[in-house]
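Heads up: numbering here begins at 1 and tracks the sequence.
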Amino acid sequence: MNSKFHDEGKSIYDFLHEFYIKCPQCGKFTVVKSFPNERGSFLFYKKRSLVCNNCGFVKVYRNSGGVIGSDYPLWLEVNCCGEKLWSYNLKHLEYIERFVSASIREGYCDEHGWKNNSMVSRLPKWIKERKNRDEILKCIKRMKDSIPKNEID
Ligand SMILES: [Zn+2]
């Protein structure tokens, strides 16, 4: 039985609506929600809000510089295969997992070469290497287990 991964052409922007982070005050699991700006463009996820259910830390802010990335340490980040495996949120993590676990990967590279906007085409090479597959899946499972299920939608 072969499982197939078909790249839906999702870009990293499709996963930017929320980040799991370590609360800057207590270090516990916290979700940052980010909102598209008034123009609704995905390029401008500037307004962000975080509410820590553990210590009550609340912050609404605009991210300063880079469009992509979190302003706080990500919750989902582990050492894996001597590299850093990270993810913004569960959907993002499951997307990576589907890609890594699929025995047939199609759609991310066609006769025109890499589809550069797709997130999968931008995954680092070590994630795509089959010899790392088992360890990556193990790490992904650990990351999933670290998400407090009552804290997410
Ligand atoms: Zn906190």
Side-chain angles (χ1 to χ4, degrees), residues 1-24 27-37 40-50 52 59 61-149 151-153:
M1 202 180 72
N2 283 325
S3 58
K4 271 190 181 182
F5 179 88
H6 182 74
D7 187 354
E8 298 144 43
K10 283 195 188 304
S11 83
I12 197 73
Y13 300 111
D14 292 313
F15 300 98
L16 280 172
H17 58 289
E18 60 181 34
F19 304 91
Y20 303 159
I21 59 152
K22 294 175 182 146
C23 169
K28 297 272 198 237
F29 179 89
T30 302
V31 177
V32 173
K33 306 233 184 238
S34 63
F35 306 90
N37 76 347
S41 164
F42 61 74
L43 282 171
F44 296 94
Y45 278 101
K46 286 208 167 154
K47 192 181 163 204
R48 292 178 178 169
S49 71
L50 72 96
C52 175
K59 191 168 179 180
Y61 65 102
R62 290 182 176 268
N63 78 316
S64 37
V67 174
I68 295 179
S70 173
D71 304 84
Y72 295 104
L74 290 171
W75 184 263
L76 298 175
E77 190 178 286
V78 297
N79 292 321
C80 180
C81 307
E83 306 276 350
K84 213 183 253 179
L85 183 64
W86 59 269
S87 168
Y88 292 134
N89 53 52
L90 184 59
K91 278 200 185 96
H92 185 206
L93 189 62
E94 286 175 340
Y95 195 69
I96 297 170
E97 183 181 40
R98 281 212 306 281
F99 172 78
V100 173
S101 59
S103 51
I104 299 171
R105 299 164 181 177
E106 60 180 28
Y108 64 93
C109 184
D110 59 20
E111 70 272 25
H112 306 296
W114 299 104
K115 289 177 188 161
N116 275 331
N117 286 324
S118 114
M119 196 199 75
V120 164
S121 74
R122 291 185 173 189
L123 285 174
K125 193 162 165 273
W126 69 270
I127 291 183
K128 296 174 177 168
E129 278 174 16
R130 280 171 197 277
K131 66 177 166 65
N132 293 332
R133 184 174 179 265
D134 291 348
E135 192 180 340
I136 292 170
L137 291 177
K138 246 184 257 165
C139 289
I140 289 176
K141 183 171 184 313
R142 238 169 57 220
M143 290 161 91
K144 271 186 166 173
D145 289 345
S146 77
I147 301 170
K149 296 294 177 293
E151 294 270 3
I152 57 172
D153 301 332

- prompt: How many angstroms lie between atom NZ of Lys28 and atom CD of Glu151, to the nearest 0.5 angstrom?
  reply: 10.5 Å

message: On a heavy-atom basis, which atom in Met143 and which in Glu77 lie closest, and how many Å separate them?
response: CE-N, 4.0 Å

field: Shortest non-hydrogen contact from Lys84 toward Trp126
entry: O-CZ2, 3.5 Å

message: salt bridge (charged side-chain N to carboxylate O under 4.0 Å, His left out) for Glu18 and Lys91? Distances and angles first, verdict last.
response: CA-CA 10 Å; Glu18 60 181 34; Lys91 278 200 185 96; over 6 Å; no

- request: First locate atom CD of Glu94, then atom CG of Asn89, and finally report the distance between them rounded to the nearest 0.5 Å.
  value: 9.5 Å

task: Start with the C-alpha distance between Val32 and Tyr61, add both sets of side-chain angles, then the distance that settles side-chain contact (heavy atoms from CB on, under 4.5 Å), and finish with yes or no.
output: CA-CA 10 Å; Val32 173; Tyr61 65 102; 3.9 Å; yes

message: Just so I know, are the side chains of Glu97 and Leu137 near enough to count as touching, which here means a heavy-atom distance under 4.5 Å?
response: yes

- prompt: With a 6.0 Å cut-off on ring centres, are Phe15 and Tyr88 close enough?
  reply: no

query: Donor-acceptor pair, Asn79 side chain versus Gly82 backbone, under 3.5 Å?
result: no

- prompt: Mind checking whether Ile21 and Leu50 have side chains closer than 4.5 Å, heavy atoms only?
  reply: yes

- request: Would you check if the side chain of Ser87 reaches a backbone N or O of Leu93 as a donor-acceptor pair within less than 3.5 Å?
  value: yes

- request: To the nearest 0.5 angstrom, please state how far the SG atom of Cys80 sits from the NZ atom of Lys138.
  value: 9.5 Å

query: Which heavy atom in Leu90 sits nearest to a heavy atom in Leu76, and how many Å separate them?
result: N-CD1, 4.4 Å

- request: Would you give the length of the straight line joining atom OG of Ser101 to atom CD1 of Ile96, rounded to the nearest 0.5 angstrom?
  value: 11.5 Å

query: With a 4.0 Å cut-off, would you call Lys141 and Asp145 a salt bridge?
result: yes

query: Heavy-atom distance under 4.5 Å between the side chains of Lys149 and Ile147, does that happen here?
result: yes

field: Student check: side-chain heavy atoms of Tyr72 and Lys59 closer than 4.5 Å
entry: yes

query: If you round to the nearest 0.5 Å, how far is NE2 of His92 from CG of Leu74?
result: 9.5 Å

Sidechain-backbone polar pair: Lys33 side chain, Val31 backbone, donor-acceptor under 3.5 Å: no

- prompt: Picking from Phe29, Trp75, Trp86, what satisfies ring pair (Phe, Tyr, Trp, His ring centres under 6.0 Å) with Tyr20?
  reply: Phe29

task: Kindly compute the distance separating SG (Cys81) from CD1 (Ile127), expressed to the nearest 0.5 Å.
output: 9.0 Å

message: Check this for me, if you would: do Glu129 and Lys125 make a salt bridge, where the nitrogen-to-carboxylate-oxygen distance has to be below 4.0 angstrom?
response: yes

